[in-house]
Amino acid sequence: MTETTERTRIERYDPTEIEPRWQARWEELGLHRTDLGDESRPRYYLLTMYDYPSGDLHIGHWYVKTPTDAIGRFHRMRGENVFMPIGFDAFGLPAENAAIKNKVHPFAWTMKNIENMRRQLRTMGAAFDWDAEVVTADPSYYRWNQWLFLRLLEMGLAYRAKAPVDWCPNDGTLAREQVEGTDRRCWRCGERVEKRDLDQWWLRTTAYADELLDFSSIEWPEPIRLMQTNWIGRSEGAEIVFETAPDDHQPGGDELRVFTTRPDTLFGATFMVLAPEHELVAKLTAPEHRSEVEAYVAAARRETEIERLSTDREKTGVALGADAINPVNGERIPIWIADYVLAGYGTGAIMAVPAHDERDYAFAEQFGLEIRKVVAAPGTEDVLLHGAYVAHATGEVLVNSGAYTGQGADEGGRAIVAKLADSGKAEPKVTYRLRDWLFSRQRYWGTPIPVVYCERDGIVPVPEDQLPVRLPETVDYRGSGDNPLSRDEAFLATTCPRCDGPARRETDTMDTFIDSSWYWFRYLSPNADDRPVDGPLVDRWTPVQQYTGGAEHAVMHLLYSRFFTKAMADAGLVSHREPFLRLFNQGQILGADGERMSKSRGNVQDPDELVAHYGADTVRLFLMFMGPWDQGGQWNSSGIGGVHRFLNRIWTLVLDPAGKEPGDPDSGELPEGEDDAAAEATIRSAAHRTLVTVTRDYDAFHFNTMIARLMELTNLLMRYRGSVVAGSAAWEEAIRLLLLMLAPAAPHITEELWSRRLALAGTPRSSIHAERWPEVDTAAAAEATREVPVQVNGKVRDRVEVAASASEAEVEALVLGRDKIVAALAGRAPQRVIHAGGGRLVNIVVRD
RNA sequence: GCCGAGGUGGCGGAAUGGCAGACGCGGCCGACUUAAAAUCGGCUGCCCGCAAGGGCAUCAGGGUUCGAAUCCCUGCCUCGGCACCA
């Protein structure tokens with residue numbers, strides 16, 4: 001029999017057989033169940049964002065989860081007790097919409113999807129601890145949303161109030177961050193959002209505004225921190241009190257408070273602008289302006305329904321026919337209303353300083369109002385303005401500012417505030433862009449808000465022992481507009497817990513972001529039926545060490561979770577104030593067309609198909625190999641064969657080291673100039689050097705280069721396959737290291753090969769995933785010689801091979817004698833010789 | 001408009017002050033095969049040259065440096081976030 005036919009007997013690498021077998025086995029062994037009570041090892045809570053059970057896993061889910069799994073497996077091999085739970089964000093609109101469309105109950109639809117996703121998730125071979133699973137639509141979860149809500153209510157962090165809110169005709173009320181784009185569309189359905197005055201439930205996120213700006217105890221990516229910082233939008237300034245001036249139609253004397261970040265420009269205030277919704281508008285409007293003002297206010301109410309093209313459209317507004325008095329100089333200045341002043345920010349009124357604010361400048365130009373320069377950069381005091389001067393130059397001084405003229409702008413501003421403060425006309429003030437979180441929703445498929453409305457006692461919380469307030473199972477959730485729960489008389493009618501009189505239940509449900517604001521705590525005790533979170537476990541296991549997920553949640557989920565953690569800390573439920581110590585945002589996988597993957601575009605890559613063809617290990621590896629994890633990218637499957645071939649080579653290498661490929665010209669020969677000992681040293685050195693970089697790459701989540709290094713090692717071993725050193729101690733060690741290093745990324749093939757090797761060696765079976773991460777042998781990793789590139793004036797002209805231990809003087813002597821260098825120097829004397837990077841390179845500097 | 005990330009072969013990308021293009025895809029050539037596939041080996045940035053060798057090259061332009069894809073300045077382009085927040 002020839003070697004060729006012998007070779008054909010080697011079993012083919014067949015992931016479709018191997019992978020389900022090991023997945024079943026791991027589950028049987030409970031390999032991925034975390035003993036939360038194990039204190040013998042350091043704990044590592046690794047969290048990846050749970051998913052909405054839309055029904056289908058797409059490649060994007062794999063892109064987040066499989067590298068995260070590799071991180072978890074790596075940490076486990078490093079001796080840590082890793083907890084990697086998973087669950088489902090199971091409340092939300094798509095279930096309800098699907099229910100309306102297909103006439104299935106949202107619960108049935110959701111649970112069917114979860115079933116399917118559990119199956120798909122298992123095909124990843126990820127080490128999720130399924131025992132910790134939570135499903136937020138389950139009463140055993142959402143009752144604790146209700147419990148937490150009651151606690152927040154007690155603490156004054158939840159409240160009900162009437163305010164102009166964002167309203168989508170399909171989806172009802174929305175949080176501010178759920179309204180997207182200049183033209184203000186609903187983040188879910190894309191419909192135009194309107195403003196409505198409604199009584200709604202709010203969470204007082206603004207109570208933690210300053211603390212939310214402090215990231216000093218967490219390691220989050222700079223872009224996310226910036227986005228949150230900008231979203232919170234802290235502005236320091238002053239509140240200044242203007243008074244209305246008396247005139248024919250009103251007596252004056254009303255306070256008009258404004259917030260400004262530029263009190264130094266107070267002398268430049270030449271008019272005031274109120275938001276159209278401002279409470280004093282009606283009172284201040286002069287009779288001859290009334291019709292015009294009322295028309296403008298009405299138009300502003302419809303504003304969001306009107307085509308809004310861009311933020312730099314023309315300014316509009318109308319004068320009220322009343323004046324205010326500038327407290328700093330007693331000057332009368334006209335009061336206008338305009339929609340560029342927002343009712344919801346600051347005091348809903350501004351002092352307009354056209355000379356030093358672009359918007360005020362545009363408005364003043366539009367309506368011919370006075371523009372008075374009061375701040376000037378040094379030497380520009382007499383220069384005419386051609387636009388608002390807003391820059392902050394050093395040495396700016398006040399001009400046209402009465403007694404303050406000539407003072408530095410900052411110092412003058414402080415002095416003006418201090419002076420006015422004496423008479424109660426000003427106070428330093430900090431204002432935030434952040435608003436409280438509107439979390440009540442007029443939909444069925446969410447957590448019922450546990451309060452009742454009593455005719456006698458008003459709003460009464462449902463007592464704890466009556467939780468959960470369950471969602472009624474049959475309800476007419478079809479149709480739009482009003483709230484489905486309000487159509488269910490049986491749900492609606494109740495008695496007041498306080499007076500036993502007739503009462504009606506709240507029919508709003510909670511925003512699903514409530515569910516995700518604390519779910520990682522619940523993973524630690526998903527079945528506890530007497531408390532939301534387990535104090536001792538929470539103390540031991542949280543904050544989460546590493547969180548992974550998309551950056552699209554920057555100002556929603558990630559900010560809400562920080563808020564909840566702080567609120568829960570203040571409620572005494574947890575002992576720390578930040579949820580996630582380290583955050584990593586992986587990039588997004590786009591469709592082959594460069595667009596977001598979506599069913600409607602038809603550009604969704606189905607992972608099941610790829611798994612059926614190549615196996616999960618190949619898909620995992622390919623996703624990690626594509627590029628840096630935080631970068632994402634356009635889907636293009638054309639390279640996946642290369643990764644699959646890599647796994648095939650490893651398979652061959654391990655199972656058939658002595659094989660000689662038919663047609664391989666070098667097979668069986670050692671590289672020229674290498675004897676057995678040298679070859680073994682080369683192999684050992686390569687394996688240990690690979691271990692150094694691979695360890696570093698796992699730590700830094702640089703999976704693409706990690707895999708490249710393993711490919712290099714594989715390619716190197718491939719050159720020795722069939723030679724006398726194949727099967728040597730060095731070879732065996734390299735194979736062992738290769739499998740261990742690959743195990744976190746490709747768990748199935750490595751487990752299979754590991755078990756076969758153990759069987760061959762007659763050693764008792766054990767999982768590769770229970771092995772310890774190998775130690776580097778630094779002596780073996782060292783190389784005997786190094787190659788030094790030699791530059792002349794920065795251009796590489798030669799390379800020399802020197803002993804690793806060669807001194808700079810030795811290298812220099814050798815280099816200067818080389819033919820190519822002598823030629824390149826062309827008789828010129830070296831002016832300087834630079835030995836760079838600890839002997840990595842030599843640069844000879846000569847002058848022409 | 002403001003804030004942020006980025007721009008490197010035909011393609012994904014590597015190198016974050018020291019050999020530009022690791023690794024992979026694709027392509028070309030060869031081995032094996034009746035043949036093809038699979039597999040294995042070699043070559044593959046562009047230009048000049050038979051070759052040895054040389055020149056050019058990291059969006060564009062300038063600067064710092066012995067040395068720049070990397071640092072600085074100016075501009076262009078792509079992607080993400082924000083949307084008149086006083």
Side-chain angles (χ1 to χ4, degrees), chain A residues 4 7 12 177 180-184 221-224 226-227 229-231 233 235 237 258-262 273 308 310-313 315 338-342 344-347 349-353 356-360 362-363 431-435 551-552 554-555 587-588 590 594 622 625-628 630-634 636-643 645-646 648-649 652 659-667 702 704-712 715 718-719 721 787-796 799 820 831-838 840-846:
Chain A
T4 310
R7 152 124 187 83
R12 255 182 61 245
E177 42 279 44
E180 297 182 329
T182 324
D183 53 353
R184 314 202 31 90
E222 180 73 16
I224 297 285
L226 272 167
M227 272 194 259
T229 301
N230 293 338
W231 188 261
S235 295
V258 301
F259 172 73
T260 179
T261 55
R262 296 293 305 276
V273 187
R308 288 183 63 167
S310 76
T311 50
D312 50 28
R313 68 188 176 140
K315 293 274 184 287
D339 61 7
Y340 83 91
V341 173
L342 306 174
Y345 181 79
T347 60
I350 61 160
M351 62 176 209
V353 185
H356 303 293
D357 182 280
E358 277 167 17
R359 297 150 302 186
D360 298 345
F363 193 82
T431 298
Y432 303 89
R433 224 185 67 118
L434 181 74
R435 309 293 155 81
E552 66 273 18
V555 295
Q588 203 181 12
L590 302 173
F622 179 57
F625 187 60
M626 275 175 48
D630 58 2
Q631 207 175 280
Q634 247 168 280
N636 177 0
S637 61
S638 69
I640 195 167
V643 171
R645 275 193 283 278
F646 163 61
N648 263 306
R649 282 203 299 278
T652 311
K660 188 172 184 312
E661 290 295 338
D664 176 359
D666 297 327
S667 176
H702 292 167
N704 57 330
T705 49
M706 179 274 290
I707 293 166
R709 297 291 89 83
L710 293 181
M711 285 174 167
E712 281 174 324
N715 293 344
M718 210 63 192
R719 285 204 289 280
R721 180 165 172 258
E787 192 187 62
V788 182
V790 186
Q791 299 181 330
V792 174
N793 284 347
K795 287 193 174 182
V796 177
R799 288 154 211 285
K820 284 184 184 171
Q831 200 178 29
R832 256 174 95 186
V833 178
I834 290 151
H835 296 263
R840 275 213 306 284
L841 173 141
V842 173
N843 188 16
I844 302 165
V845 185
V846 293

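Chain A is the first sequence line, chain B the second, and so forth, proteins listed ahead of strands; every chain is numbered from 1.
Using the Watson-Crick or G-U wobble rule with both distances under 3.5 Å, rC23(B) pairs with rG12(B). Pairing of rA60(B), defined by two Watson-Crick or G-U wobble distances under 3.5 Å, is identified with rU74(B). Nucleotide rC28(B) forms a Watson-Crick or G-U wobble pair with rG42(B), both donor-acceptor distances falling under 3.5 Å. Base-pair partner of rA37(B): not found among the strands shown (Watson-Crick or G-U wobble, both distances under 3.5 Å). Both distances falling under 3.5 Å, in either a Watson-Crick or a G-U wobble arrangement, place rG80(B) opposite rC3(B).
With rG13(B), rA86(B), rC82(B) as the candidates, the nucleotide lying closest to the side chain of Trp231(A) is rC82(B). Which of rA86(B), rC40(B), rC11(B) sits closest to the side chain of Met718(A) comes down to rC40(B). Considering only side-chain atoms of Met227(A), the nucleotide from rA15(B), rA86(B), rG81(B) that sits closest is rG81(B). Taking only side-chain atoms of Thr705(A), from C-beta outward, the nucleotide of rA15(B), rC84(B), rA86(B) with the closest atom is rA15(B). For Leu226(A), the side-chain atoms get nearest to rG4(B) when compared with the rest of rG4(B), rG53(B), rG18(B). When the nucleotides rC23(B), rG53(B), rG13(B) are ranked by their closest atom to the side chain of Gln631(A), rG13(B) comes out on top. For Asn636(A), the listed nucleotide lying nearest its side chain is rC11(B); candidates were rC11(B), rG13(B), rC56(B).
Interatomic distance, Arg435(A) CZ to Glu177(A) CD, rounded to the nearest 0.5 Å: 10.5 Å. The CZ atom of Arg840(A) lies 13.5 Å from the CD atom of Glu787(A); values are rounded to the nearest 0.5 Å. Atom CD of Glu222(A) sits about 11.0 Å away from atom CE of Met227(A), to the nearest 0.5 Å.
Here, rA57(B) and rA68(B) have their C1' atoms 14 Å apart, quoted to the whole Å. Atom name P, nucleotides rC40(B) and rG45(B): the rounded distance is 22 Å, in whole Å. Separation of the C1' atoms belonging to rA86(B) and rG17(B) is 45 Å when rounded to the nearest angstrom. For rU33(B) and rC79(B), the C1' atoms lie 50 Å apart once the distance is rounded to whole Å. Of the P atoms belonging to rC59(B) and rG54(B), the separation is 26 Å, rounded to the nearest Å. The separation of rU34(B) from rG24(B), taken at their C1' atoms, amounts to 34 Å, rounded to a whole angstrom. On the C1' atoms, rG27(B) is 39 Å away from rG4(B), given to the nearest whole Å. rC56(B) and rA69(B) are spaced 16 Å apart, taking the C1' atom of each and rounding to whole Å.
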(request) Heavy atoms under 4.0 Å is the rule here; annotate nucleotides 24-29 of chain B 5' to 3' with B where the base is hit, S where only the sugar-phosphate is, and - elsewhere. (result) SSS---

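Spacing between atom CZ of Phe622(A) and atom P of rC23(B) amounts to 18 Å, rounded to whole angstrom units. The separation between Arg719(A) atom CZ and rG41(B) atom P is 9 Å, rounded to whole Å. What separates CG of Asn230(A) from P of rG1(B) is a distance of 18 Å, to the nearest Å. Rounded to an integer number of Å, the gap from Glu552(A) CD to rA5(B) C1' is 16 Å. Rounded to whole Å, the distance from CG on Asp630(A) to P on rG80(B) is 16 Å. Residue Leu841(A) contributes atom CG, which lies 10 Å from atom P of rG18(B) at whole-angstrom precision. The distance from atom NE2 of His835(A) to atom C1' of rG18(B) is 13 Å, rounded to the nearest whole Å. Atom-to-atom, CD of Gln634(A) to P of rC79(B) comes out at 11 Å; the value is rounded to the nearest Å.
A donor N or O paired with an acceptor N or O is not found under 3.5 Å between the base of rA86(B) and the side-chain atoms of Arg262(A).
Residue Glu712(A) qualifies as enclosed at atom CD: its count of foreign heavy atoms under 6.0 Å is above 12. For His835(A), the NE2 atom is densely surrounded, since the number of other residues' heavy atoms within 6.0 Å is greater than 12.
Note on ring orientation: taking the six-membered ring where Trp is involved, the planes of Phe259(A) and Tyr345(A) are perpendicular (angle over 60°, cut-offs 30° and 60°).
Checking the phosphate oxygens (OP1, OP2) of rA86(B), no side-chain nitrogen or oxygen of Tyr340(A) falls inside 4.0 Å. The side chain of Lys315(A) places no N or O atom within less than 4.0 Å of a non-bridging phosphate oxygen (OP1 or OP2) of rA86(B).
Looking at heavy-atom distances under 4.0 Å, Val353(A) makes no contact with the nucleic acid at all. As judged by a 4.0 angstrom heavy-atom cut-off over every strand, Thr431(A) is placed among residues making no nucleic acid contact. When heavy atoms are screened at a 4.0 angstrom cut-off, Arg12(A) is found touching no nucleic acid atom at all.
When the nearest nucleotides of RNA chain B are assigned to Asp357(A) and Asn704(A) by heavy-atom distance, the more 5′-ward of the two goes with Asn704(A). Between Asn648(A) and Asp360(A), the one whose closest nucleotide on RNA chain B sits nearer the 5' end is Asn648(A).
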(message) Between Lys820(A) and Val790(A), is the side chain to side chain contact (heavy atoms under 4.5 Å, CB included) condition met? List the steps.
(response) CA-CA 10 Å; Lys820(A) 284 184 184 171; Val790(A) 186; over 6 Å; no

(request) Show your working on side-chain hydrogen bond (donor to acceptor under 3.5 Å, both in side chains) between Asn230(A) and Arg433(A) and close with a plain yes or no. (result) CA-CA 8 Å; Asn230(A) 293 338; Arg433(A) 224 185 67 118; over 6 Å; no

(request) I would like to know whether Arg262(A) and Val353(A) meet side chain to side chain contact (heavy atoms under 4.5 Å, CB included); could you show each step before the answer? (result) CA-CA 9 Å; Arg262(A) 296 293 305 276; Val353(A) 185; over 6 Å; no

What protein N or O atoms touch nucleotides 63-69 of chain B N or O atoms at under 3.5 angstrom, if any, and at what distances?
from: rC66(B); atom 1: O2; to: Asn843(A); atom 2: ND2; distance (Å): 2.6

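Classified by its glycosidic torsion, rG9(B) falls in the syn category, the angle being within 90° of 0.
Cation-pi check for Lys315(A) over Tyr340(A) is met; the charged atom lies under 6.0 angstrom from the ring centroid and within 45 degrees of its normal.
By the salt bridge (charged side-chain N to carboxylate O under 4.0 Å, His left out) test, Asp360(A) pairs with no residue at all, sequence neighbours left out.
When side chains are defined from C-beta on, Arg832(A) does not count as touching Asn843(A), because their heavy atoms never get closer than 4.5 Å.
Between the side chain of Asn793(A) and the backbone N or O of Val846(A) there is at least one donor-acceptor pair closer than 3.5 Å.
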